[in-house]
Colleague: 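Here it is, the structure in full.
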Amino acid sequence: MLLKDKVAIVTGGAQGMGRAISLKYAEQGCSVVVVDLNHDRALATAEAVEKTGARAIAVKTDITDGAAVVRMVASAMEIFGRIDILVNNAGGVAGTEGTGNSDTITEQEWDRVVNLNLKGPFLVTMAVLKHMKQLAKGKIIFVSSMGAVNPAVSVLHYHSAKAGILGFAKNLAFELAPRNIHVNTIVPGPIETTFWDSLMPPGEGRDAFFKALAKKEVPMERMGRAEDIAGAALFLASGLSDYVTGQTICVAGGQPLLSHGAIFDVEGFLNSQNS
């Protein structure tokens with residue numbers, strides 16, 4: 001049991017990568033605080049965690065609301081008494097109008113998406129850190145995006161926020177290393193999760209897109225799965241990574257190896273499907 005008697009907060013834990021991470025941690029003996037705006041799905045994930053024999057609670061939280069975040073962390077402390085691991089996974093582009101490129105982006109959209117993907121993780125981290133500092137140890141994991149470092153399509157607000165996450169994590173890692181608090185970042189490649197639902201509905205068209213994208217951009221020639229991210233998150237949360245901090249780990253099937261090669265034309269593919 002790599003995480004026996006540990007307590008983790010997983011934001012965006014109701015589905016996709018967050019759910020997979022929550023279940024992976026539970027299998028290794030960790031109690032999990034499943035944080036999400038979708039309370040019904042968060043409850044379902046918490047119930048799945050408990051079926052493994054681990055403890056769990058589901059807390060409905062808007063991570064862009066500082067007061068709500070403080071209440072969530074207080075609930076976790078009241079029930080479990082400690083926080084050993086924080087996974088800043090919540091984020092996305094749900095509800096985005098247009099493509100988010102320079103022709104369509106608005107100030108309101110910028111603020112909304114940046115708040116969710118950068119301010120939110122900041123607020124959660126600050127609320128958790130005071131407890132980790134008292135313990136004099138902890139593991140903090142951020143989830144960024146390959147689009148932050150090698151975009152295949154222009155989504156200015158989302159990719160800018162995820163690039164900000166990389167800088168925030170590096171600075172925190174430097175500051176907190178003497179206090180035995182580890183800070184690392186996972187950069188997912190193309191992962192087949194519900195993240196895509198707001199951009200492209202499930203169906204034959206999306207299946208064809210995934211196949212073409214993986215063939216063109218991923219040396220392993222397959223889309224990633226939520227479980228692939230969960231494996232890396234387990235390593236970074238466990239004692240196996242006790243001498244690892246300030247690192248950015250790409251979980252992308254070798255995609256960064258192609259960073260100087262041909263880039264898959266996402267917009268062109270989508271336009272061809274809609275014509």
Colleague: Report yes or no: do V93 and V149 belong to one cluster of Ile/Leu/Val/Met/Phe/Trp/Tyr joined by side chain heavy-atom distances under 4.5 Å?
Modeller: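 Not linked; separate clusters.
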Colleague: Do L236 and V87 belong to the same hydrophobic cluster, where Ile, Leu, Val, Met, Phe, Trp and Tyr are linked whenever their side-chain heavy atoms lie under 4.5 Å apart, directly or via other members?
Modeller: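 Linked within one cluster.
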Colleague: Search all heavy atoms of M1 against all heavy atoms of Q28 and return the closest pair with its distance.
Modeller: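 What the structure gives for the nearest pair is SD-C, 3.2 Å.
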Colleague: Please report the shortest heavy-atom distance between I186 and I229, naming the atom on each side.
Modeller: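 Taking every non-hydrogen atom into account, CD1-O, 4.1 Å.
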Colleague: Check for me, please, whether I63 and V114 land in the same ILVMFWY cluster - side-chain distances under 4.5 Å, paths through other members count.
Modeller: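 Yes, same cluster.
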Colleague: Tell me, do I79 and V33 make a side-chain contact under 4.5 Å, heavy atoms counted?
Modeller: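 No, every pair of side-chain atoms sits at 4.5 Å or beyond.
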Colleague: Do the non-hydrogen side-chain atoms of L234 and L3 ever get within less than 4.5 Å of each other?
Modeller: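 Heavy-atom side-chain distance check passes, below 4.5 Å.
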Colleague: Measuring from T245:OG1 to H182:NE2, what's the distance to the nearest 0.5 Å?
Modeller: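 T245 OG1 to H182 NE2: 6.0 Å, rounded to 0.5 Å.
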Colleague: Tell me if a side-chain donor or acceptor on N115 pairs with a main-chain N or O of R112 at a distance below 3.5 Å.
Modeller: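 Not at all, since once roles are kept as given, no pair shorter than 3.5 Å links the two residues.
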Colleague: Closest approach of I141 and Y25, non-hydrogen atoms and distance?
Modeller: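 Looking at all heavy atoms of both residues, the shortest contact is CD1-OH, 3.4 Å.
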Colleague: Measure the CZ-CG distance between F122 and L172 for me, rounded to the nearest 0.5 Å.
Modeller: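 Between atom CZ of F122 and atom CG of L172 there are 9.0 Å.
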Colleague: Please examine the side chains of S144 and T248, heavy atoms only from C-beta on, and report whether any two atoms are closer than 4.5 Å.
Modeller: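 Side-chain contact under 4.5 Å: no.
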Colleague: For S241, what residues pass the side-chain hydrogen bond (donor to acceptor under 3.5 Å, both in side chains) criterion, not counting sequence neighbours?
Modeller: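 With neighbours one apart ignored, the set is K139.
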Colleague: Please say yes or no: joined through hydrophobic side-chain contacts below 4.5 Å, possibly via intermediate residues, are L37 and I57 part of one cluster?
Modeller: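 They do not share one cluster, since no chain of ILVMFWY contacts under 4.5 Å joins L37 to I57.
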Colleague: Is M126 linked to V35 within one hydrophobic cluster, defined over Ile, Leu, Val, Met, Phe, Trp and Tyr using a side-chain heavy-atom separation of less than 4.5 Å?
Modeller: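 In one cluster with M126: V35, yes.
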Colleague: So Q108 and D111, do their side chains get closer than 4.5 Å, heavy atoms only?
Modeller: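 Not touching, per the 4.5 Å side-chain cut-off.
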Colleague: State the CD1-CG distance between I83 and L129, to the nearest 0.5 angstrom.
Modeller: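 Between I83 CD1 and L129 CG, I get 10.0 Å after rounding to 0.5 Å.
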Colleague: What pair of heavy atoms forms the shortest contact from V251 to A232, and how long is it?
Modeller: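 Answer, listing the atom of V251 first, then A232: CG2-CB, 3.7 Å.
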Colleague: Which pair of heavy atoms, one from T52 and one from V49, lies closest together, and at what distance?
Modeller: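 In terms of heavy atoms, the two residues are closest at OG1-O, 2.5 Å.
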Colleague: For the residue pair L2 and F235, establish whether any side-chain heavy-atom pair is separated by less than 4.5 Å.
Modeller: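 Not in contact.
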Colleague: Got a second to check how far K130's NZ is from M77's CE, nearest 0.5 Å?
Modeller: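 If we round to the nearest 0.5 Å, K130:NZ and M77:CE are 9.0 Å apart.
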Colleague: Report the distance from atom OG of S31 to atom NZ of K4, rounding to the nearest 0.5 Å.
Modeller: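 With rounding to 0.5 Å, OG (S31) is 10.0 Å from NZ (K4).
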Colleague: Are any of the side-chain heavy atoms of M72 and I9 separated by less than 4.5 Å?
Modeller: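 They are in contact (side-chain heavy atoms under 4.5 Å apart), so the answer is yes.
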Colleague: Is there a donor-acceptor pair under 3.5 Å between the side chain of T11 and the backbone N or O of N89?
Modeller: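 A pair under 3.5 Å: yes.
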Colleague: How far apart are the C-alpha atoms of K133 and I181, what are their side-chain angles, what is the distance that settles it, and do they pass the side chain to side chain contact (heavy atoms under 4.5 Å, CB included) test?
Modeller: CA-CA 8 Å; K133 288 176 179 178; I181 298 173; 4.0 Å; yes
Colleague: Is there a side-chain contact between L135 and R82, using heavy atoms and a 4.5 Å cut-off?
Modeller: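 They are in contact (side-chain heavy atoms under 4.5 Å apart), so the answer is yes.
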Colleague: Are N150 and P256 packed together at the side-chain level, in the sense that at least one heavy-atom pair is separated by less than 4.5 angstrom?
Modeller: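 No - every pair of side-chain heavy atoms lies 4.5 Å or more apart.
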Colleague: When rounded to the nearest 0.5 angstrom, what is the spacing between OH in Y158 and CD1 in I105?
Modeller: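 Here the interatomic distance stands at 14.0 Å.
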Colleague: So which heavy atom on T61 is nearest to which on A68, and how close?
Modeller: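 Taking T61 first and A68 second, the nearest heavy atoms are CG2-O, 3.8 Å.
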Colleague: Is there a side chain to side chain contact (heavy atoms under 4.5 Å, CB included) between I140 and N88? Walk through the geometry before answering.
Modeller: CA-CA 8 Å; I140 300 174; N88 281 299; 4.0 Å; yes
Colleague: Give a yes or no on whether the backbone of L43 and the side-chain of D40 come within a donor-acceptor separation of less than 3.5 Å.
Modeller: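 Between the backbone of L43 and the side chain of D40 there is no qualifying donor-acceptor contact (under 3.5 Å).
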Colleague: Set out, in order, the CA-CA distance, both residues' side-chain angles and the distance that settles side chain to side chain contact (heavy atoms under 4.5 Å, CB included) for L176 and M132, then state yes or no.
Modeller: CA-CA 10 Å; L176 298 173; M132 288 187 172; over 6 Å; no
Colleague: Step by step, work out the side chain to side chain contact (heavy atoms under 4.5 Å, CB included) result for V183 and F142.
Modeller: CA-CA 8 Å; V183 185; F142 290 92; 3.6 Å; yes
Colleague: Do the side chain of N184 and the main chain of Q247 share a donor and acceptor less than 3.5 angstrom apart?
Modeller: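 Checking the backbone N and O of Q247 against the side chain of N184, a donor-acceptor pair under 3.5 Å is found.
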